[in-house]
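Structure first, commentary second.
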Amino acid sequence: MDHLYQTTMLLPASYAVISEEEMTYLDGGKEILLGNVFGYNITFNTDQFVIFCQSALVNALLLGGSYSLSYFKNTIVSGANNGLSPAGTFYHTWDKMNGWSKLALFGMGTLAGYYAYGQVVSIIRTVKNLYNDLVNPMPAFNNGQASDTAAA
């Protein structure tokens, strides 16, 4: 045997032959050919489009939440500068609004709460991960085996 490709192919025990149609699910979606420009194919990848839409939605919610929280903070600070308590600022602002403005304020409050919740959860997870990394470091591996695994 002169070349490696002439040897018998050894496959893992859990190997399963699948058809090309099933590979679509493993490779992820399909590309749609939109046209050909100067010899280059212009394609539309459905998976990338879905990921783009998800990212745009999440970023829009985070941006809206950030601006909503900023709006509430600035309103409370403005009220405090005018001698009002936070509750007084709320009632003063609420009385000047019509129904649609009150609905929009509720939506902004929801976004601000969602944003603040996301930030708190992110901080808690970061602290937990840092603590975990400091207290429970990676186990030591000796000669390709875990330290708690007996050699065969």
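Quick note: numbers below take in every heavy atom, side chains included, and nothing from hydrogens, waters or symmetry partners. FYI, the numbering just counts along the sequence from 1.
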Assess whether side-chain hydrogen bond (donor to acceptor under 3.5 Å, both in side chains) is satisfied between N98 and S101, documenting all intermediate values. CA-CA 5 Å; N98 64 18; S101 297; 3.0 Å; yes

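- Residues F72 and V77 form no side-chain contact, since every pair of their non-hydrogen atoms from C-beta on lies 4.5 Å or further apart.
- Within the structure, every pair that satisfies the ring pair (Phe, Tyr, Trp, His ring centres under 6.0 Å) test and touches residues 78-115, not counting sequence neighbours, is listed here: F90-W94.
- Of the inter-residue distances, the one linking N45 atom CG with T43 atom OG1 reads 6.5 Å to the nearest 0.5 angstrom.
- Listed by first and then second residue, the side-chain hydrogen bond (donor to acceptor under 3.5 Å, both in side chains) pairs involving residues 48-70 amount to none (not counting sequence neighbours).
- Considering CE of M108 and CG of L103, their distance stands at 12.0 Å, rounded to 0.5 Å.
- Of all heavy-atom pairs spanning L84 and T89, the tightest one is CB-OG1, 3.6 Å.
- Contact check for K128 versus I124: side-chain heavy atoms found under the 4.5 Å cut-off.
- By the 4.5 Å heavy-atom criterion applied to side chains, N36 and I42 are not counted as neighbours.
- With 3.5 Å as the limit, one finds no donor-acceptor pair spanning the side chains of N81 and S78.
- A side chain to side chain contact (heavy atoms under 4.5 Å, CB included) with R125 is found for one member of V121, I123, V127 and no other, namely V121.
- Shown here for M97 and K102, the closest heavy-atom pair between the two residues is O-CE, 3.5 Å.
- Side-chain N or O atoms of T75 include one that pairs as donor or acceptor with a backbone N or O of Y71 at under 3.5 Å.
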